[in-house]
Enquirer: 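One structure is given below, represented as C-alpha cells, and several questions about it will come after.
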Amino acid sequence: MPVMTYREALRSAMAEEMTRDESVVILGEDIGIYGGTHLVTDKLIDQFGPRRVIDTPIAEGGFTGAAIGMAMAGMRPIVEMMTWNFSFQAVDQIVQNAAKVRYFSGGQVTVPLVIRGPNGGGVQLSAQHTHSLENFYGHFPGLKVVSPVTPHDVKGMMIEAIRDPNPIIFLEAGALYGTKGEVPEGEFTVPFGKARVAREGTDVTLIAYGRQVNMLLKVADTLAADGVAAEVIDLRSIRPFDEQTIVESVRKTHRAVVVQEQWRWFSVGSEVAALIQEQAFDDLDAPVERVSGAEVPAPYARNLEVAAFPSEQQIVDAARRAMYRG
Amino acid sequence: MATTRNRTAKAAAEAREGDVGPAPNGAAGADLGLDAETLLRFYREMTLIRLFEEAAQRGFRQGKIGGYLHLYIGQEAVAVGFLHEYRTGDHVITAYRDHAHALLLGSTPREVMAELFGKGTGLVKGKGGSMHLFDVENGLYGGYGIVGGHIPLGVGMAYAQAYQQTGGVTQLYFGDGAIHNAAFHEAANLSGLWGRDGLNPCLFILENNQYGMGTSVERATAMTDLSAKFDSYAIEHEDVDGMDLFAVLECAKRTVARVRESGRPYAVEVQTYRLSPHGAADFLERYRSKDEIAEARKRDPINLLEARLLEADVADEATLTAIRDEVKAVVEDAVTFADESPEPPLEELATDVYADGAAS
Ligand SMILES: Cc1ncc(C[n+]2csc(CCOP(=O)(O)OP(=O)(O)O)c2C)c(N)n1
Ligand SMILES: [Mg+2]
C-alpha cells in the first residue's frame, strides 16, 4: 500500500472528488496562491483554477454563510477554516443556518457542506488559538462531527464527508499533518459513526479521538510492560457516535479511561462516561476515569502548555487507578 | 515587575510632552518644532524595534520562541509616529503584530523578549506570548490574535473615556485584512454613531501594509480605496505615507488632537509595507515577488530617516552608529535576560482565570 502523509491523504481526497464531481469547490483564506497555511490545498489552484479554489478575504462569517448558500443551491463546497479557532466568527452561520435549515424548511433543502481545518493545540499558540471543539459542534443536531487521526481515515472520511448530503464538521489533527501512514490506492470511504479499535486488549479500555489516540498507543506499550493489556479505541466520529464498540469493549475489559485535550466539563468524555454507565453499568469493575485538559484558557509558555494537556503519565495513572493498582 | 521597568508611562509621557522648541539649524523636524534630541530618540526607537524584531526572528529559528511570531519590520514609523502623541490616560489596542507598541509605550525590551521566550519574567508572565502583549499601566490593552476581534473593544474603550471624561483617546490599530471583517463594520458604525454625540474619541489607525497574510488588497476587495469604507459610517479620514516618519508625525499630531478635542472618531489609512514575511513561518512568500520587496526596501523607513538626519546635519554617521551600537547592546541584554529567566511557576497555570472579589 502506498505511504503518504496526513496532509497528502487529505489533499488527494479533495482532488479526486473535485475531479469526479464538478459541483465540488473549495474556499477559504490563502488556500490558492499561498497554497494554504498548512499547505493542505497546495497547488490545487493550478489544477482546478480560481473558480473552484476560491481565495477569500478574512471574513469567516461571510464566506461560510456563502458556502451554505452554495450548498443549498446545488453545489458541494468545502470550506477551509485556516484553523478552527476562527470558526467562532462563523458560528452563527454554522449553527443557525447550516445545522437547522433542513429541519425548519420541512426537509425542502439540503446542505452538502464540509467545513474542515486543523483543530486542537500543542504548539504554543496560546489562548485564542487553541481549542478542541468536538463537543461544541457535537452539541448541535443537524451537524455531523468527525475527527480522523490516521492518513487512511482522513482520506476515507473526507471522501465520505464530501458525498454526505449534510453539513460536516471535519476536525483535523493539526499537529499530525506531517505524520505518515498507509493509504489504499483508489477511492474508498470510511463510514461515519464507526469507531476504530486501534489496539486490542483485555484489561482496560482507553478511549480518545484526535492526536490523543497516538498518545494512548504509547501508554498501552507502557502498560503492556507492566503486564496490563489495554484496548485502545479511536472514536473517529463524535456525531454520529458509535456506542456499540465502546460498550462491547467495556463488557470485555470492565474498566475504561477516556482521554481528551478539551476541558472536562460538558465534554465528549462526559458523554462517553455517561453512556458506559447507562449501557454497561453491571459490567464495570471501577468508575470510568476521565483525563482532560486543565480548566484554563491555553497558556503560551511551553511548560504551562504541557501541564495544561493530558500527559502519558496522567493516563497511565488513571489506568492504574481503574485497575486498583494505583 | 515594577523593578524591571526602565521608565514608567508617566515618565515616558512627560518626556514626550517636553518635545517642543525649535530644531537646530533648520533641521529635518523644524516644521514640527522638534529638537535634535527628539529626532535622535525617534531614530533610536525605530532602530530598537528593528533590531528587537531581528533578534526575535533568530530566537524563533533557534526554537526559543514558539507559536506564531509576527514582526513589525518596515512598519516602524507608524507606531513611532502615532505613539509620539500618546499621553497618560490614552489607550492603545492592536492585533498580534504588537511588539513595537509595547516597546514604545514603555515595556522594557527585557520583559517583552522574556514573554516571547515564554518565561515567568515576561510582560504577561509567559501566559500570552508574542500575540498578547499587555501593559495596561502604560496604556497598552493588547495584543489580540483573532483578526478584527479587537476592533469593537477599542470603540468601547473610547466610549468609556468620553463617559468618564478622562480627556483620553484610544488609538486603535488594525490591518488591511481586518477591514473586511464584520467586527470592523459593526464597530465602525457604532463609533460613528456615538461620535455624533462626542462619545467616541477613537483614532482608527489602519495599517495598510498591502497584504493580509498572502492576500493583497486587490485580491481581498473590489473597493480598494480602503479608507473610503469609513464614509459609510460618517467617520472622516485621510491617508498618510507610513514610510516617512515626518509625514506620520505631522498627521498624528493633528489627528490625535482633533479626536481628543472633538470626542469624535477619525481614521487614518497609513500606507506602509511589511518587509518581513507575514509570520516567521511564512517562508514561501509566493504571493509577492522579490522585486517588489526590493523596491519597497528602497523606502525603508529607517533609511529614509537616517538620510534626512544626515542631510539636515542633525547627526553625523558616528552619532548614528553609536546609537545603533547602544541599541544592539540593549537587545542583546534582553535576549540574555530572556534566555536566563526561569519558566513560569506551574502555579501560574490556574491563576488569572477569574478575578476575585465583587465589583467595586
Ligand atoms: C478571524 C481570523 N481569521 C484568520 C486569522 C489568521 N490570520 C492571522 S493574521 C492574518 C492576516 C491579517 O492581515 P492584516 O489585518 O492586514 O494584518 P497584518 O498581518 O498585515 O498586520 C490572518 C488571515 C485570524 N487570526 N483570525
Ligand atoms: Mg496587512
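These numbers come from the heavy atoms of this one structure, side chains and all, not from hydrogens, waters or symmetry mates. Small disclaimer: the values here were computed from a predicted structure and weren't measured. Chain letters run A, B, ... following the sequence lines, proteins first, then strands; residues in each count from 1.
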Enquirer: Below 4.5 Å from any heavy atom of chain B, which atoms of A:A307 appear? Answer side chain, backbone, both or neither.
Expert: both
Enquirer: Does atom CZ (A:F266) have a neighbourhood of more than 12 heavy atoms from anything else shown, all under 6.0 Å?
Expert: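 Atom CZ in A:F266 is not crowded, with 12 or fewer foreign heavy atoms closer than 6.0 Å.
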Enquirer: Which region of B:I179, side chain (C-beta onward) or backbone (N, CA, C, O), has a non-hydrogen atom less than 4.5 Å from a non-hydrogen atom of chain A, or is it both or neither?
Expert: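 Contact with chain A: none, neither part.
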Enquirer: What is the minimum heavy-atom distance between B:G145 and A:Q128, and which atoms define it?
Expert: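 That closest heavy-atom pairing would be N-OE1, 2.6 Å.
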Enquirer: Please examine the side chains of B:T221 and A:P57, heavy atoms only from C-beta on, and report whether any two atoms are closer than 4.5 Å.
Expert: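 No - every pair of side-chain heavy atoms lies 4.5 Å or more apart.
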Enquirer: Give a yes or no on this: more than 12 heavy atoms of other residues, nucleotides or ligands lie within 6.0 Å of atom NE2 of B:H185.
Expert: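 More than 12 heavy atoms, drawn from other residues, nucleotides or ligands, come within 6.0 Å of this atom.
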Enquirer: Considering residues, nucleotides and ligands other than A:K180, do more than 12 of their heavy atoms fall under 6.0 Å from its NZ?
Expert: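 It does not: A:K180 NZ has 12 such atoms or fewer within range.
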Enquirer: If you apply the rule side chain to side chain contact (heavy atoms under 4.5 Å, CB included), what do you find for A:D42 with B:R286, and how did you get there?
Expert: CA-CA 11 Å; A:D42 195 25; B:R286 282 181 192 148; 2.8 Å; yes
Enquirer: Examine B:H132 together with A:Y300 and report whether their ring centres are nearer than 6.0 Å.
Expert: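 For B:H132 and A:Y300, the ring centres are not under 6.0 Å apart.
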Enquirer: Would you say A:R290 has more than 12 foreign heavy atoms packed within less than 6.0 Å of its CZ?
Expert: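 Yes - once you tally the heavy atoms of other residues, nucleotides and ligands closer than 6.0 Å, there are more than 12.
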Enquirer: Counting only non-hydrogen atoms closer than 4.5 Å, does A:E60 touch chain B with its backbone (N, CA, C, O), its side chain (CB onward), both, or neither?
Expert: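 Side chain of A:E60 only, per the 4.5 Å heavy-atom cut-off to chain B.
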Enquirer: Are A:D30 and B:R219 within salt-bridge range, i.e. N to O under 4.0 Å?
Expert: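 Looking at A:D30 and B:R219, the cut-off is not met.
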Enquirer: With chain B as the partner, which of A:N303, A:V296, A:T130, A:N85 has the greatest number of non-hydrogen pairs under 4.5 Å?
Expert: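 Heavy-atom pairs under 4.5 Å are most numerous for A:N303.
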Enquirer: Measure the CD-CG distance between B:E343 and A:L304 for me, rounded to the nearest 0.5 Å.
Expert: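 Answer for the CD-CG pair, B:E343 versus A:L304, is 8.0 Å.
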Enquirer: Give the minimum heavy-atom separation between A:A301 and B:G118, together with the two atoms involved.
Expert: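 Taking A:A301 first and B:G118 second, the nearest heavy atoms are CB-O, 3.3 Å.
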Enquirer: Between B:T351, B:I146, B:I65, B:V353, which shows the greatest number of heavy-atom pairs under 4.5 Å with chain A?
Expert: B:I146
Enquirer: Measure distances from B:L69 to the heavy atoms of chain A and classify the residue's part below 4.5 Å as side chain, backbone, both or neither.
Expert: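 No part of B:L69 comes within 4.5 Å of chain A.
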Enquirer: Taking the side chain as everything from C-beta on, heavy atoms only, tell me whether B:H180 gets closer than 4.5 Å to A:T56.
Expert: no
Enquirer: When rounded to the nearest 0.5 angstrom, what is the spacing between OG in B:S130 and CG in A:L125?
Expert: 11.0 Å
Enquirer: Can you tell me how far the NE2 atom of A:H129 sits from the OH atom of B:Y68, to the nearest 0.5 Å?
Expert: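 A:H129 NE2 to B:Y68 OH: 5.0 Å, rounded to 0.5 Å.
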Enquirer: Quick one: what part of A:E29 sits under 4.5 Å from any heavy atom of chain B, side chain, backbone, both or neither?
Expert: neither
Enquirer: So among B:L284, B:T215, B:D282, which one has a side chain to side chain contact (heavy atoms under 4.5 Å, CB included) with A:Y34?
Expert: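 Testing each of B:L284, B:T215, B:D282 against A:Y34, the sole residue satisfying side chain to side chain contact (heavy atoms under 4.5 Å, CB included) is B:D282.
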Enquirer: Select, from B:G279, B:A220, B:G66, the one with the greatest count of heavy-atom pairs under 4.5 Å involving chain A.
Expert: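 Greatest number of close heavy-atom pairs with chain A: B:G66.
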